[in-house]
Amino acid sequence: MNSALGIVIGLAVLSCIFWILGAGVCRLMGRKEEPGFLWLLGLAVFLGMFSVVDILMEACGAAFHVLFYAALVMHVLVIAVCVYYLVRSGKRAGRALIQYPACDVWLLLFVILLIVQIWYGMGNQLYVSRYDTSYYNGNAINALYTDTMYQYDAYTGVYVGKAVAWHDSYSMLIAFLAKLFFMHPLVVVNRIMGVIEIVAANLAVYEIALRLSKGNRAVAVWTAIIRALISVLCWNLGEVPGYYLWTRMAESKSMLANVYLPLALLAIVLAAEETEKKQCWIMLGVFVFAGATMSMSGVFMIPMLLGVGLLPVLLRRKKLKYWGYAVLSVLPCLAAGVLSFL
């Protein structure tokens, strides 16, 4: 499965899983969204579910194969429930479950934009963060070949004993996908997760611009194009999302800068537009929990973004219950932060 065909199959399977999870959650909340938003929401749900299992397995000191089968069973059960619910509710409602975008020049431009960036990213040989990447890849490889979690040094392979500190779930996610698709972890990181990051980064920017422009797809696509040009032409400025995307692709910090933080911003925009709807606060909790558990840096960065973004929304609404919604939405992220210090 390390071939190009295996990579395409892996991406297709994961995309279907994301769409099913996203559609199931949106249908449960009574929302009708475009496929791009469903894909993003499904991605966050997938990462969040895996993180819950990973945190529990790490706390129990379980072997890696226990984590793998526990996560696999949970995902299969949830996906099966989503499929059953979607089929049954679709027949009962007698209408489409997804709001499909118009097949016009803007959709074509956006698809071309994704293809060009994926082609550029897969051929890009510039890399600057071998130390951090070795940490994530080393832990994933150790988990696969020793059936343990964080008991061997990621850089040397020397046995260090049972892990005494909480780690983010990204390394075990790489190992999980590698075992699931019979791939080498480096193929999972550089190809599977690399493509997912590029697609998610563009979809997040598109969805944010679409909401802020009141549904103007032309503005949304042009915003995604401008962001892509800036990321390619200005990556060497350092410490900007484009720098992480093209020189540290699919690394935890890169995913944080280009996927998790934009998803949190998207949730803030939704909360500002539909403050009275509890479903927006639920999606906010899902997005921030996935980001905080998949990136140790997200434990600090995401709460800061939420504080800056949600404070004006809460002050404008002037209702105490919205403060309660905000606190409940941020609690999973804060819980992940507390775990990192235990």
Side-chain angles (χ1 to χ4, degrees), residues 22 25-45 47-48 99 101 200-227 230 240-241 255-295 297-338:
V25 173
C26 278
R27 187 64 175 178
L28 184 64
M29 296 187 298
R31 295 183 69 91
K32 193 175 181 181
E33 297 285 353
E34 292 188 359
F37 184 87
L38 299 181
W39 193 91
L40 288 173
L41 180 58
L43 169 64
V45 172
L47 296 178
Q99 179 181 333
N202 283 273
L203 283 176
V205 171
Y206 172 88
E207 290 292 337
I208 292 170
L210 187 68
R211 262 67 181 185
L212 294 177
S213 63
K214 305 300 180 182
N216 191 324
R217 295 178 62 244
V219 172
V221 173
W222 275 115
T223 303
I225 292 174
I226 293 171
R227 185 215 64 87
I230 291 175
V240 294
M255 294 287 286
L256 172 65
N258 292 283
V259 179
Y260 308 143
L261 287 176
L263 286 180
L265 179 58
L266 173 59
I268 292 172
V269 172
L270 289 173
E273 292 182 340
E274 307 174 45
T275 313
E276 68 284 352
K277 294 184 179 180
K278 296 179 181 179
Q279 55 191 243
C280 294
W281 297 100
I282 293 173
M283 289 189 288
L284 173 64
V286 171
F287 285 143
V288 301
F289 177 74
T293 54
M294 283 289 158
S295 172
S297 300
V299 170
F300 308 97
M301 298 297 295
I302 292 177
M304 291 176 61
L305 174 62
L306 294 178
V308 173
L310 289 179
L311 185 60
V313 176
L314 298 173
L315 292 176
R316 180 171 66 93
R317 292 295 182 176
K318 299 179 181 179
K319 286 188 178 181
L320 188 60
K321 68 176 182 178
Y322 297 138
W323 288 83
Y325 293 163
V327 170
L328 291 176
S329 300
V330 178
L331 273 181
C333 177
L334 296 179
V338 171

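Being a predicted model, the structure only gives us computed values, none of them experimental. We're numbering straight along the sequence, starting at 1.
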Go through the steps to decide whether V259 and F287 satisfy the test side chain to side chain contact (heavy atoms under 4.5 Å, CB included), and finish with yes or no. CA-CA 10 Å; V259 179; F287 285 143; over 6 Å; no

When you compare the side chain of L263 with that of L40, does any pair of heavy atoms fall below 4.5 Å? yes

Tell me, do L305 and I268 make a side-chain contact under 4.5 Å, heavy atoms counted? yes

Please tell me if the side chains of E276 and R317 come closer than 4.5 Å, counting only heavy atoms from C-beta onward. yes

Taking every non-hydrogen atom, the tightest pair across A204 and P262: CB-CB, 3.8 Å

Roughly how far, to the nearest 0.5 Å, is the CD atom of E33 from the CG atom of L41? 8.5 Å

If you define the side chain from C-beta out and look only at heavy atoms, does anything of V286 sit under 4.5 Å from V25? no

Of all the heavy-atom pairs spanning L284 and A264, show the shortest one and how long it is. CD1-O, 4.3 Å

Expected output: side-chain R227 to main-chain A201 donor-acceptor under 3.5 Å: no

For V219, does its backbone N or O pair with a side-chain atom of T223 as donor and acceptor, under 3.5 Å? yes

Would you mind reporting whether L261 and L265 have side-chain heavy atoms less than 4.5 Å apart? no

Centre of F37's six-membered ring, under 6.0 Å away, within 45 degrees of the axis: is that where NZ or CZ of R211 sits? yes

Shortest non-hydrogen separation from C333 to P303 and the atoms involved: SG-CG, 3.7 Å

Do V221 and Y206 touch side chain to side chain, with heavy atoms closer than 4.5 Å? yes

Does the side chain of C280 reach to within under 4.5 Å of the side chain of R31, using non-hydrogen atoms? yes

From CA spacing to verdict: side chain to side chain contact (heavy atoms under 4.5 Å, CB included), W281, L310: CA-CA 11 Å; W281 297 100; L310 289 179; 4.0 Å; yes

Is the shortest heavy-atom distance from the side chain of L47 to the side chain of F289 under 4.5 Å? no

Kindly compute the distance separating CG (L203) from CG (L38), expressed to the nearest 0.5 Å. 10.5 Å

Measure the CD-CD distance between Q279 and E274 for me, rounded to the nearest 0.5 Å. 6.5 Å

What are the two closest non-hydrogen atoms of T275 and Y325, and how far apart are they? O-CD1, 4.5 Å

Residue among V288, L334, V330 satisfying side chain to side chain contact (heavy atoms under 4.5 Å, CB included) with I302: V288

Closest heavy-atom pair and its distance - Y322, L314: O-CD2, 3.4 Å

Do you know which two heavy atoms are closest between A292 and V299, and how far apart they sit? O-CG2, 3.5 Å

